[in-house]
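The structure appears below as structure tokens.
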Amino acid sequence: MKLTTKEIMEIIPHRHPFLLIDTIEDLVPGVRATGKKCITYNEPQFAGHFPQEPIMPGVLIIEALAQTGAVAILSKPENKGKIAYFASINNAKFKNKVVPGDTLTLEVEIIKEKGPMGVGRAKATNQDGKVAVIAELTFAVGA
């Protein structure tokens with residue numbers, strides 16, 4: 001299942017400039033999601049990080065992965081209209097920088113779920129297949 005930006009905004013509450021995924025290319029509700037984010041020079045973080053060498057902050061890549069995972073978990077019918085909150089980030093590794101012109105593929109697989117809590121295995125890669133970030137993201141689903 002593919003989703004447009006408009007369809008993503010029907011699932012998660014994030015809006016510009018903090019909606020950090022452009023499309024969902026593959027979705028199995030409650031199981032996994034694969035998103036895309038096209039990195040452009042005119043994004044607000046590049047005014048200060050860093051003007052002479054724009055690099056996407058790692059925390060924003062983690063947030064883009066979290067939003068992708070939120071789409072996966074909130075797409076389950078029983079979670080419709082709820083919000084997924086960040087609970088923890090574990091084993092995050094930043095392997096390659098992300099710069100304007102890159103297209104990130106954001107993959108999140110839900111590996112554990114118990115009640116309102118869950119864990120997603122997350123990976124962001126660039127258009128050349130180079131891994132930018134890997135992490136385990138823990139979430140809590142709330143009303």
Within one Ile-Leu-Val-Met-Phe-Trp-Tyr cluster: I83 and V108, side-chain cutoff 4.5 Å: no
message: For residues I39 and F50: do they belong to one hydrophobic cluster (side chain heavy atoms under 4.5 Å, members Ile, Leu, Val, Met, Phe, Trp, Tyr)?
response: no
Side chain to side chain, S75 and V71, heavy atoms closer than 4.5 Å: yes
task: Report the C-alpha distance between K37 and T103 in whole Å, list the side-chain angles of each, state the deciding distance to 0.1 Å, and finish with yes or no for side-chain hydrogen bond (donor to acceptor under 3.5 Å, both in side chains).
output: CA-CA 6 Å; K37 168 68 176 157; T103 299; over 6 Å; no
- request: Evaluate the side-chain proximity of I8 to L19: yes if any heavy-atom separation is below 4.5 Å, no if none is.
  value: yes
query: Can we say K2 and E25 salt-bridge, meaning some charged N sits less than 4.0 Å from an Asp/Glu carboxylate O?
result: yes
field: Heavy-atom neighbours of M1 CE exceed 12 at 6.0 Å
entry: no
task: Indicate, with yes or no, if I62 and L20 share a hydrophobic cluster defined by side-chain heavy-atom contacts under 4.5 Å among Ile, Leu, Val, Met, Phe, Trp and Tyr.
output: yes
task: Could you walk me through whether V133 and V98 pass the side-chain contact (heavy atoms from CB on, under 4.5 Å) test, one step at a time?
output: CA-CA 10 Å; V133 176; V98 174; over 6 Å; no
- prompt: Given Q45, which of V59, I55, L60 fulfils the side chain to side chain contact (heavy atoms under 4.5 Å, CB included) condition?
  reply: L60
Minimal non-hydrogen separation, P51 against Y41, with atom names: O-OH, 4.1 Å
query: Would you call L74 and K80 a side-chain contact if the rule is heavy atoms closer than 4.5 Å?
result: no
task: May I have the step-by-step check of side-chain contact (heavy atoms from CB on, under 4.5 Å) for L3 and L27, ending in yes or no?
output: CA-CA 8 Å; L3 301 177; L27 173 63; 3.8 Å; yes
query: What distance do M56 atom CE and E43 atom CD have between them, rounded to the nearest 0.5 Å?
result: 6.0 Å
V131 side chain reached by K123 side chain, heavy atoms, under 4.5 Å: yes
- request: Compare all side-chain heavy atoms of T68 with those of T34 and state whether any distance is below 4.5 angstrom.
  value: no
query: Quick one: are R32 and E107 in side-chain contact, heavy atoms under 4.5 Å?
result: no
field: Verify same cluster id: I111, I134 (apolar side-chain graph, 4.5 Å)
entry: no
- request: State yes or no: do I21 and M9 share one hydrophobic cluster built from I, L, V, M, F, W and Y residues joined by side-chain heavy-atom distances below 4.5 Å, directly or via other members?
  value: yes
message: If you define the side chain from C-beta out and look only at heavy atoms, does anything of D102 sit under 4.5 Å from Q127?
response: yes
- request: Could you tell me whether a side-chain N or O of D22 sits under 3.5 Å from a main-chain N or O of C38, the two making a donor and an acceptor?
  value: yes
